[in-house]
Amino acid sequence: MRVTQMLIPTLREVPAEADTISHQLLLRSGMVRKVAAGIYTLLPLGNRVVKKIENIVREEMDRAGGVELQLPIVQPAELWRQSGRWDVYGPEMYRLQDRHGRDFCLGPTHEEIITSLFSQEVNSYRQLPLLLYQIHNKYRDERRPRFGLLRGREFIMKDLYSFDKDEESLEISYRKMYDAYNRIFSRCSLDFRAVEADSGAIGGDVSHEFMVIADTGEDAINFCSECDYAANMEKTPCHIHEKELVEEEGPLELVATPEARTVQDVASDLQVNTEQVLKSLFYNVDGKLVVVLVRGDRLVNETKVINYLGANRLDTADSEEMLNNFGIPMGFAGPVGLREKTAVTILGDLEVKCLFNAVAGANKTGYHYINVNPQRDYQVDHYGDFRVAEEGDPCPCCGAPLQVQRGIEVGHIFKLGTKYSEAMGATILDEHGKEIPVIMGCYGIGVTRTMAAAVEQSNDENGIIWPAAISPFDVLIMAVNQRDELQAEFALNLYQKLKRAGIDVLYDDRQERPGVKFKDADLIGYPVRIVIGKKAISEGLVELKWRATGELIFKEKDKIIAYLQENLTAMKSSKR
RNA sequence: CAGGGUGUAGCUCAGUUUGGUAGAGCGCUAGCAUGGGGAGCUAGAGGCCGCGGGUUCAAGUCCCGCCACUCUGACCA
């Protein structure tokens, strides 16, 4: 391919809309353009990257026994009503009607469609296990799209669904996918980590996320400094040693704390540590008021709260409503006497159970209580693990201190069990002729997000540094002076030779100054750049430069193909 | 959804305070020159100043409403 035949609109300046590195570089290098918030056109170069990632995914899915098909984007509401998710999914789902007024949605995911297909077409355990997948667009009307391709409203995803007759078989399918995902992200040369995860609203129990390590990642992950434990922060359980009351319980006392609305303020006003403060957070959980008590220096883990309550939806309570409806002033709220104000579920984090002589809001603006003690001064409905794990907390497996990193979720695998097959009547006959719901798993990879994650992880001040396996082209070739006939002919000739040898090469045949072409090559980030200059004409020595290392070498023309084939192959198969 | 910011040429941004003929750099077109890191010179093209209303002799600028983009938070198989 020649640059003059392509559309590669590089930008010298950073578009004002882009904040994250990957967003900036993908725009500047002419890979993508924004059409609306969270919706992007893939330009020719970006499209080539996506296709390369898709092909790696496809090869590994096929190798693991997956079978590719294609499911529709426009899906009838009827199927979503069967699974019960039409009403649960919320405003994130794009909904539309056809001319007859029938409800449809743009598929945010495809469990319903695939389960429906399965229920119609598969009847016997003899046809299992079955691993069906597609690589297709997904649509989610994110409340807040951001970070360019990292969180879009339209994006490309590979989703595979496994169907098995029993748990043992599901375990095998799950393991195959787990291994395939490790191979895929290794082949993409990404620095990643598989972590235990919460399965969220999709249901099921066992779940792993594949996280590309990046400081800009939206998720925090914990991993153990000693053992293999690694988990999403929201999943990591917190263990504590229960303390006995060492001091005497002091008398409950009301103290004035004007203007002290935050834990920090209260602690400094009253000369105590923040961990001596009882923090009370109010939530609206499926329409009911719930308060969660944690130590002042901790964060509430809302996922754990949702899971404990078996809830669908959790929002922080509105402070005006709290004050107007119940007379509870946020900032001065606490568990003492709370039930007299309104019916409320009170949950306490395990640490709070042994928090004696604490400070807590008095439910009266400008006042706190001191010497607040559990049992004596307030009761909770349930003590449990409701806080977010922190760096240095003990590992739940071995007790060594946990470390924290940030990551970008590029893959997520779930054991679904029978949630969808039961709801939608996807049953099979087992060996005994008994009708049983098929056991499912689902396994997603964000393809466009993987592209962005790769850029996020691999760049320098000059631009992108593509891993060879997913670069839009392996090699860029150019002449220093395109108007010099000898150079141009040399470059064209070499370009054609490389192409015939099966090397993925792009020829920058523009009549631009060399500086422009150098800048573009660095910005776009081809792994190898070949420059035809005076030395090539006079001595037959061709310059090759590796983008990642900056290594510059000169090779005789005839030895280039062998050199490239050897080194590019090595680069593509090397793990990071 | 709440709170902040920004909308002026393809891109980055001045101009808005104090109303009075629409600006710069880069990019683009034509030409000159140059050819190892977005260099230079000459001449051009390019604007519903986000949209709608209002005030005024006069609005990019003042007032009201809306929209889009964006940041923080909440949310997120």
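Just so we're on the same page: letters track the sequence lines, and every chain starts at 1.
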**Prompt:** To the nearest angstrom, how far is A:Ile306 atom CD1 from B:C76 atom C1'?
**Reply:** 11 Å
**Message:** Please tell me whether A:Phe118 and A:Tyr420 form a close aromatic pair, meaning their ring centres lie under 6.0 Å apart.
**Reply:** no
**Message:** Between B:G19 and B:U56, how far apart are the two C1' atoms, rounded to whole Å?
**Reply:** 9 Å
**side-chain N/O A:Arg140 vs B:C75 OP1/OP2, d < 4.0 Å** = no
**Request:** May I have the distance from A:Ile156 (atom CD1) to B:A77 (atom P), rounded to whole angstrom?
**Result:** 21 Å
**Prompt:** Counting only Watson-Crick or G-U wobble pairs whose two distances fall under 3.5 Å, which nucleotide matches B:A59?
**Reply:** none
**Request:** Please state the P separation for the pair B:G40 and B:C26 - nearest whole angstrom.
**Result:** 6 Å
**Message:** I'd like to know if the side chain of A:Arg529 and the backbone of A:Ile477 have a donor-acceptor N/O pair within less than 3.5 Å.
**Reply:** no
**Prompt:** What orientation do A:Trp80 and A:Tyr89 show, parallel under 30°, tilted 30 to 60°, or perpendicular over 60°?
**Reply:** perpendicular
**Prompt:** With a non-hydrogen cut-off below 4.0 angstrom, is A:Pro108 in contact with a base, only sugar-phosphate, or nothing?
**Reply:** base
**Message:** Between the base of B:G25 and the side chain of A:Glu13, is one N or O donor paired with an acceptor at under 3.5 angstrom?
**Reply:** yes
**Item:** Residue mapping more 5' on RNA chain B - nearest nucleotide basis, A:Ala18 or A:Arg28
**Value:** A:Arg28
**Request:** Just call it for A:Leu523: base, sugar-phosphate, or nothing, with non-hydrogen atoms closer than 4.0 Å on any strand.
**Result:** base
In a table with atom names and distances, give each donor-acceptor pair under 3.5 Å that connects a side chain of residues 141-149 of chain A to protein atoms at least two apart or in another chain.
| residue | atom | partner | partner atom | Å |
| --- | --- | --- | --- | --- |
| A:Asp141 | OD1 | A:Arg153 | NH1 | 3.3 |
| A:Glu142 | OE1 | A:Arg151 | NH1 | 3.2 |
| A:Glu142 | OE2 | A:Arg151 | NH1 | 3.1 |

**Request:** Considering only atom P, compute the distance from B:C57 to B:G52 and round it to an integer number of Å.
**Result:** 23 Å
**Fill in**
Sequence neighbours excluded, the answer for side chain to side chain donor-acceptor pair (under 3.5 Å) partners of A:Glu391 is none
**Prompt:** Separation of A:Asp19 atom CG from B:C71 atom P, in whole Å?
**Reply:** 6 Å
**Asked** Are OP1 or OP2 of B:G73 and a side-chain N or O of A:Arg146 less than 4.0 angstrom apart?
**Response** yes
**N/O donor-acceptor pair, side chain A:Arg529 with base B:G37, under 3.5 angstrom** = yes
**Request:** Using whole Å, report how far CZ of A:Arg143 lies from C1' of B:G3.
**Result:** 14 Å
**Asked** According to a strict under-4.0 Å criterion, is A:Lys34 in side-chain N/O contact with OP1 or OP2 of B:U70?
**Response** yes
**Item:** Length of the CZ-P vector between A:Phe518 and B:G36, whole Å
**Value:** 8 Å
**Request:** Over all heavy atoms of both residues, which pair between A:Ile21 and A:Val455 is shortest? Give the atoms and the distance, please.
**Result:** CG2-O, 4.4 Å
**Request:** Could you check which nucleotide pairs with B:U6 in any of the strands shown, counting Watson-Crick or G-U wobble with both distances under 3.5 Å?
**Result:** B:A68
**Prompt:** Ring centres of A:Tyr133 and A:His110 under 6.0 Å apart?
**Reply:** no
**Request:** With P as the reference atom in both, quote the distance from B:G50 to B:U61 in angstrom, rounded to an integer.
**Result:** 8 Å
**Message:** Counting the atoms with a prime plus P, OP1 and OP2 as sugar-phosphate, which does A:Pro15 contact under 4.0 Å by heavy atoms, base, sugar-phosphate, or nothing?
**Reply:** sugar-phosphate
**Prompt:** Which of these passes ring-ring contact (aromatic ring centres under 6.0 Å, His included) with A:Tyr507: A:Tyr495, A:Phe473, A:Phe490?
**Reply:** A:Tyr495
**Item:** Integer angstrom distance from the P of B:C11 to that of B:C32
**Value:** 30 Å
**Item:** Base-pairing mate for B:A77 - Watson-Crick or G-U, with both contacts under 3.5 Å
**Value:** none
**Request:** Starting from P on B:A77, measure out to CD on A:Glu409 and report it in whole angstrom.
**Result:** 9 Å
**Request:** Please work out which residues in residues 477-488 of chain A have a non-hydrogen atom less than 4.0 Å from an atom of RNA chain B and list them by number.
**Result:** A:Val480, A:Asn481, A:Arg483
**Prompt:** When rounded to the nearest Å, what value does the distance between C1' atoms of B:G15 and B:C49 take?
**Reply:** 10 Å
**Request:** Rounded off to whole Å, could you give me the CG-to-P distance for the A:Leu11 and B:G25 pair?
**Result:** 20 Å
**Request:** Could you tell me the separation between the NE2 atom of A:His412 and the P atom of B:C76, rounded to a whole number of Å?
**Result:** 13 Å
**Prompt:** Across all strands, who's sitting opposite B:G46 as a Watson-Crick or G-U wobble pair, both distances under 3.5 Å?
**Reply:** none
**Item:** No-H, no-angle donor-acceptor pair, A:Glu543 side chain to B:G36 base, under 3.5 Å
**Value:** yes
**Asked** Which is true for A:Asp159 with a 4.0 Å heavy-atom rule: it touches a base, it touches only sugar-phosphate, or it touches nothing?
**Response** nothing
**Option passing side-chain hydrogen bond (donor to acceptor under 3.5 Å, both in side chains) with A:Ser207 (candidates A:Lys415, A:Lys235, A:Glu196, A:His412)** = A:His412
**Request:** Determine which nucleotide pairs with B:C32, using a 3.5 Å limit on both distances of a Watson-Crick or G-U wobble pair.
**Result:** B:G40
**Request:** Take A:Ile213 and A:Ile221 through the side-chain contact (heavy atoms from CB on, under 4.5 Å) test and state the conclusion after the steps.
**Result:** CA-CA 9 Å; A:Ile213 305 304; A:Ile221 57 179; 3.7 Å; yes
**Asked** Does a distance-only test, which skips hydrogens and angles, find a donor-acceptor pair under 3.5 Å between the side chain of A:Arg144 and the base of B:A74?
**Response** no
**Prompt:** For atom C1', what is the distance between B:C75 and B:C1, given to the nearest Å?
**Reply:** 9 Å
**Prompt:** Counting any heavy atom closer than 4.0 Å, what does A:Lys138 reach on the DNA or RNA strands: base, sugar-phosphate only, or nothing?
**Reply:** base
